Each structure stands twice: as C-alpha cells, then as structure tokens.
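What follows is a single structure, written as structure tokens, with notes after it.
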Amino acid sequence: QVQLVESGGGSVQAGGSLRLSCAASGYAGTGYCMGWFRQGSNNEREGVATWDSDGSSSLGESVKDRFSISKDHAKNILLLQMNSLKPEDTGMYYCALGVVFGRRCTIHTLPDSVESWGQGTQVTVSS
C-alpha cells in the first residue's frame, strides 16, 4: 500500500521560502508520476508541480519562475522548493502518486490517475 507523508509547511512572510518534503513508501516498479497539488480558501485544487520517474518535470504557470521540484532518490523523498512566496500561495499542499498511461506526466494528467494522496501540509504566507 502506497503511503505519502508530507512535511515542511509553515508560516512565512511574503518573499520568504519553504521546502516541502513528501516521503513515499509502499510502491515498487517504475513508470510512476508524483506531484504536488494545493487547495486554497476557494477550495479548488490547483496543480503545482509534477515529477516523472523518467526524470522529467512540470510546473504550473503561477509558480514556474519561483518553485522547483526534485527527487532525493537515496531517501525516496519528493521535494518542492518554494521561493519568493506570495500570499496567494497560501493553502494546503498535497503530495500525490500515480501511473499515467500513454500520456506525459503533468499537473493536468496526474489527477485522473492518482493512486494515493498524502494528508497535506499547510502553507501560510502573510503580506
């Protein structure tokens, strides 16, 4: 059973940085897609970033110049580095894992293929 545990959230002032971690366990094989999604006060889910096991990644338009996604293979942890944070980045951040068949792993394709979601970690950015 796949388990995802997020950490690293917190409260920062605008312009600050945070690094989120997602520790993954309980899956085997290759060809998986992992990503970060967030849900703000409007309760709408927004794709933030994805990482494919082939090493490719994608970032949402609103964060692509400020965030980066990477994988610590030794520790099996998905990382999201968030810089120049803005109040609109506030929300609950969730890690997800799935297998996207026949399509590229992106923030648009992963949601339909998620096998497991983490519990989430809260990010609050004050102005």
Side-chain angles (χ1 to χ4, degrees):
Q1 183 176 355
V2 178
Q3 287 191 322
L4 304 173
V5 179
E6 303 97 333
S7 62
S11 297
V12 296
Q13 290 190 326
S17 298
L18 284 172
R19 188 173 76 165
L20 304 185
S21 298
C22 172
S25 63
Y27 66 92
T30 59
Y32 55 87
C33 172
M34 296 183 71
W36 289 97
F37 295 82
R38 66 188 182 188
Q39 193 166 7
S41 58
N42 60 7
N43 273 334
E44 292 183 1
R45 184 180 64 202
E46 178 186 3
V48 177
T50 56
W51 182 90
D52 197 324
S53 56
D54 67 4
S56 62
S57 61
S58 71
L59 292 163
E61 282 296 316
S62 64
V63 305
K64 66 179 182 178
D65 295 327
R66 301 180 292 121
F67 293 9
S68 62
I69 188 170
S70 61
K71 184 101 182 296
D72 182 332
H73 294 282
K75 298 179 180 179
N76 212 20
I77 294 175
L78 185 70
L79 301 167
L80 182 69
Q81 179 66 43
M82 307 187 295
N83 299 325
S84 302
L85 283 161
K86 303 176 180 180
E88 50 263 45
D89 295 318
T90 293
M92 186 69 79
Y93 283 67
Y94 298 93
C95 179
L97 182 147
V99 179
V100 179
F101 292 101
R103 296 179 296 172
R104 186 170 164 251
C105 167
T106 71
I107 58 174
H108 305 293
T109 60
L110 178 56
D112 291 338
S113 303
V114 171
E115 296 181 14
S116 182
W117 291 93
Q119 296 288 346
T121 185
Q122 177 69 34
V123 171
T124 303
V125 185
S126 58
S127 57

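This structure is a prediction, so every number in the text was calculated from the model and none was measured.
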Given Ser62 and Glu46, is the side-chain hydrogen bond (donor to acceptor under 3.5 Å, both in side chains) satisfied, shown in steps?
-> CA-CA 10 Å; Ser62 64; Glu46 178 186 3; 3.0 Å; yes
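- Side chain of Gln119 to backbone of Glu6: no donor-acceptor contact under 3.5 angstrom is found.
- Nearest approach of Ile107 to Gly60, heavy atoms of both residues: CD1-CA, 3.8 Å.
- Among residue pairs with one or both ends in residues 91-119, none qualify as salt bridge (charged side-chain N to carboxylate O under 4.0 Å, His left out); sequence neighbours excluded.
- The nearest pair of heavy atoms linking Gly35 to Leu110 is N-CD2, 3.6 Å.
- What you find for Pro87 and Ser127 is that their closest heavy atoms are CG-CB, 3.9 Å.
- Interatomic distance, Asp52 CG to Cys33 SG, rounded to the nearest 0.5 Å: 5.5 Å.
- Residue pairs meeting the salt bridge (charged side-chain N to carboxylate O under 4.0 Å, His left out) criterion with at least one member in residues 89-101, sequence neighbours excluded: Arg38-Asp89, Arg66-Asp89.
- When each of Asp72, Leu80, Leu79 is checked for a side-chain contact (heavy atoms from CB on, under 4.5 Å) with Ser21, only Leu79 meets the rule.
- Using a 4.5 Å heavy-atom threshold, the side chains of Trp36 and Cys95 count as touching.
- Between Met82 and Val12 there is no side-chain heavy-atom pair separated by less than 4.5 Å.
- Of all non-hydrogen atoms in Ile69 and Ser57, the two that sit nearest each other are CG2-CB, 3.6 Å.
- At least one side-chain heavy atom of Gln122 sits less than 4.5 Å from a side-chain heavy atom of Thr90.
- Counting only heavy atoms from C-beta outward, the side chains of Lys71 and Asn76 approach each other to under 4.5 Å.
- Ser70 and Leu78 make their closest contact through O-CD1, 3.4 Å (heavy atoms, listed as atom of the first residue, atom of the second, distance).
- Atom CG of Leu85 sits about 11.0 Å away from atom OG of Ser11, to the nearest 0.5 Å.
- Put simply, Val100 and Leu59 are part of two different groups of oily side chains (I, L, V, M, F, W, Y) that touch within less than 4.5 Å, one to the next.
- Following chains of ILVMFWY side-chain contacts shorter than 4.5 Å, one cannot reach Ile77 starting from Trp117, and the two form parts of different hydrophobic clusters.
- Residue pairs satisfying the ring pair (Phe, Tyr, Trp, His ring centres under 6.0 Å) criterion with at least one member in residues 66-104, sequence neighbours excluded, are listed as follows: Trp51-His73.
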Intermediate values then yes/no, side chain to side chain contact (heavy atoms under 4.5 Å, CB included), Leu20 and Val123 | CA-CA 9 Å; Leu20 304 185; Val123 171; 4.1 Å; yes
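- With values rounded to the nearest 0.5 angstrom, Ser41 atom OG is found 10.0 Å from Glu44 atom CD.
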Would you check, one step at a time, whether the test side chain to side chain contact (heavy atoms under 4.5 Å, CB included) holds for Val99 with Ser113?
-> CA-CA 6 Å; Val99 179; Ser113 303; 5.9 Å; no
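- For the pair Ser58 and Thr106, the tightest heavy-atom approach, listed with the atom from each and the gap, is OG-CA, 3.6 Å.
- The CD atom of Gln1 sits 7.5 Å away from atom OG of Ser116, with the distance rounded to the nearest 0.5 Å.
- Once rounded to the nearest 0.5 Å, the distance linking CD of Gln81 with CZ of Arg19 reads 6.5 Å.
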